Number of protein chains: 2
Amino acid sequence: MEAEENRVPGGAAPEGYDRYAFEPFAVTVDLAVLTVRAGALQVLLVERGTEPYAGRWALPGGFVLPRESAEEAARRELAEETGLSDLTGLHLEQLRTYSEPGRDPRMRVVSVAFAALLPDPPEPHGGGDAAQARWLPFDGLGPLAFDHDRILADAHERVGAKLEYSCLATSFCPPEFTLGELQHVYETVWGTALDRPNFRRKVLATPGFVEQVPGAARLTGGRGKPAALYRAGGAKVLHPPLLRPTP
Amino acid sequence: MEAEENRVPGGAAPEGYDRYAFEPFAVTVDLAVLTVRAGALQVLLVERGTEPYAGRWALPGGFVLPRESAEEAARRELAEETGLSDLTGLHLEQLRTYSEPGRDPRMRVVSVAFAALLPDPPEPHGGGDAAQARWLPFDGLGPLAFDHDRILADAHERVGAKLEYSCLATSFCPPEFTLGELQHVYETVWGTALDRPNFRRKVLATPGFVEQVPGAARLTGGRGKPAALYRAGGAKVLHPPLLRPTP
DNA sequence: CCCTTTATGGTCGTACTGACCATGGTCAAG
DNA sequence: CTTGACCATGGTCAGTACGACCATAAAGGG
């Protein structure tokens with residue numbers, strides 16, 4: 001039900017809305033942007049310059065503008081923070097909305113959180129307004145600003161779970177990748193080692209997960225036998241799923 | 001990032017917030033309340049009495065109050081709509097947030113949608129303010145108000161997916177239930193028939209999914225052999241999952 | 001030339017699943 | 001009372017998937 005009830009006096013009613021009073025909220029987006037770099041899971045963070053939490057790292061984000069959806073706001077903010085222009089193929093997944101009254105000490109802010117996955121990202125050049133944007137390793141992060149620790153933990157959990165039953169892992173990889181790189185995505189996000197032949201068997205047995213680039217091969221940094229290159233296939237779901245090893 | 005940027009002139013800045021301008025949004029919750037009644041999946045809907053969409057069915061919901069979270073608002077609204085007082089054990093799951101600018105023609109409304117599951121629910125007595133609240137079968141619903149068709153479809157998809165890898169199905173059942181009733185939940189939500197012995201084997205082989213009530217048995221409406229009664233166990237996840245049959 | 005490293009291919013036993021068949025208890029109709 | 005419908009329960013059997021290996025191939029470094 002939308003704007004149906006009249007319980008909240010004190011809000012400003014927009015034109016034509018004299019029957020309905022409502023409480024205004026600020027609506028923002030927060031972005032948990034993950035990538036696999038240098039063999040580790042990394043997160044895009046910005047350093048806060050103002051109170052509260054001045055000097056702390058925080059997730060990038062910002063206000064939702066009057067004429068855009070939260071998804072559009074998330075893409076806009078991400079483009080501004082990273083300086084990337086082409087985010088069309090980017091996987092952006094809505095995590096959940098955080099609405100606890102005290103989460104921002106200054107005012108009532110409802111924040112729609114998104115998880116985004118980037119392959120081989122550029123170093124952010126602190127694009128527009130953010131004080132400083134950097135990639136930082138996921139492990140060993142100090143406490144973040146606001147409730148961003150929890151948002152980031154939720155993003156990690158969600159991405160880890162989606163790797164099990166979707167073909168999402170290719171979003172972490174460049175357009176052409178080796179099966180070793182794809183396996184490394186799983187191992188990095190899950191924090192567990194996988195058996196290489198078994199992983200290979202599973203991936204190749206799933207129709208549409210990956211398709212081989214004919215004739216191409218790449219050396220994985222010069223060591224070992226050259227690996228065949230693959231592209232992401234058309235499939236979106238993994239059936240049956242690729243479950244995390246149970247410890 | 002919270003309330004960090006100054007891009008939106010025209011919003012009212014609360015006290016102490018002169019540095020930050022923001023656009024106020026109305027924030028509501030929408031509830032997709034599902035149950036299994038009379039052998040069919042049913043949804044709790046309210047009939048709208050005012051424009052827009054007067055006379056259409058809509059999901060119950062309402063404004064988030066200034067001092068409550070979206071989860072608290074959802075529980076409060078649900079209690080008001082159904083007249084139920086004890087919703088402590090109720091499974092409430094945040095679906096996602098719908099924020100497209102045109103989804104409410106009157107004003108900018110951002111809605112946090114929840115899916116709720118009720119076992120054997122009472123007939124709602126149109127409790128507080130809602131014009132009329134009723135359980136309606138999920139199949140064959142005419143178009144709902146606003147974007148509630150999509151929210152309901154998302155809720156159905158989410159619940160169906162969660163049945164696969166969680167013990168959520170017991171939330172549809174009364175405190176004590178037969179395995180036939182539990183299987184019926186799966187069949188109703190998924191819309192597929194399941195093999196009874198195989199379902200039974202799978203459920204009993206999962207530790208903590210259900211535990212038998214000693215000595216108790218119930219006739220399933222008088223026909224057939226009496227079935228043993230079970231309670232929900234302590235487990236929350238299903239490992240390995242109980243996958244939908246692939247058609 | 002040997003060793004390390006990585007990719008790729010295969011085997012084998014176990015666990016799980018889907019498709020059955022069989023039995024037993026209860027009710028209702030004949 | 002008998003019979004059949006109906007449902008719960010128990011079991012079999014084969015195909016599949018998966019984990020734990022072993023083996024081979026191709027590259028680079030000492």
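In this text, all values refer to a predicted model and were calculated from it rather than measured experimentally. Within every chain, numbering begins at 1; the chains are lettered A, B, ... in the order of the sequence lines, protein sequences first and strands thereafter.
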Sugar-phosphate only, base, or nothing, as touched by B:A228 at under 4.0 Å among non-hydrogen atoms: sugar-phosphate

Atom-to-atom span, CG of A:L238 to C1' of D:dC18 - whole angstrom: 14 Å

Given D:dA27, C:dG18, C:dT17, the nucleotide with the shortest approach to the side chain of B:N198: C:dG18

Closest to side chain of B:P240, choosing from D:dT9, C:dT17, C:dT8: C:dT17

Separation of D:dA8 C1' from B:R201 CZ (nearest whole Å): 16 Å

C:dA7 phosphate, OP1 or OP2, under 4.0 Å from A:R200 side-chain N/O: no

Value in whole Å for how far the P atom of D:dC7 lies from CG of B:D195: 15 Å

Sugar-phosphate only, base, or nothing, as touched by B:P245 at under 4.0 Å among non-hydrogen atoms: nothing

Candidates C:dA28, C:dT26, D:dG10 - which lies nearest the side chain of B:R223: C:dA28

Gap between atoms CZ and C1', on B:R244 and C:dT17 respectively (whole Å): 17 Å

Distance, rounded to the nearest Å, where B:L243 contributes CG and C:dG18 contributes P: 8 Å

A:L144 backbone acceptor or donor facing A:R56 side chain under 3.5 Å: yes

Nearest-Å distance for atom pair CZ/P, residues A:F199 and C:dG10: 19 Å

Side chain of B:K202 - closest among D:dC18, C:dT17, C:dA7: C:dT17

Minimum-distance nucleotide (side-chain atoms of A:K225 versus D:dT9, D:dC22, C:dA7): C:dA7

Quiz item: B:R196 side-chain donor-acceptor pair to D:dG10 base, under 3.5 Å: no

Partner residues of A:E100 under the salt bridge (Lys or Arg N to Asp or Glu O under 4.0 Å) criterion, sequence neighbours left out: none

Side-chain heavy-atom pair A:S99, B:E72 within 4.5 angstrom cut-off: no

A:W190 and A:Y186 aromatic ring geometry - parallel, tilted or perpendicular at 30°/60° bounds: perpendicular

Between D:dG10 (C1') and B:L179 (CG): distance, integer Å: 13 Å

Backbone of B:T97 reached by a side-chain donor or acceptor of A:Q94 within 3.5 Å: yes

Whole angstrom value for the distance that separates P of C:dC16 from NE2 of B:H239: 11 Å

Of A:L204 and B:P197, the one whose closest DNA chain C nucleotide lies more 5': A:L204

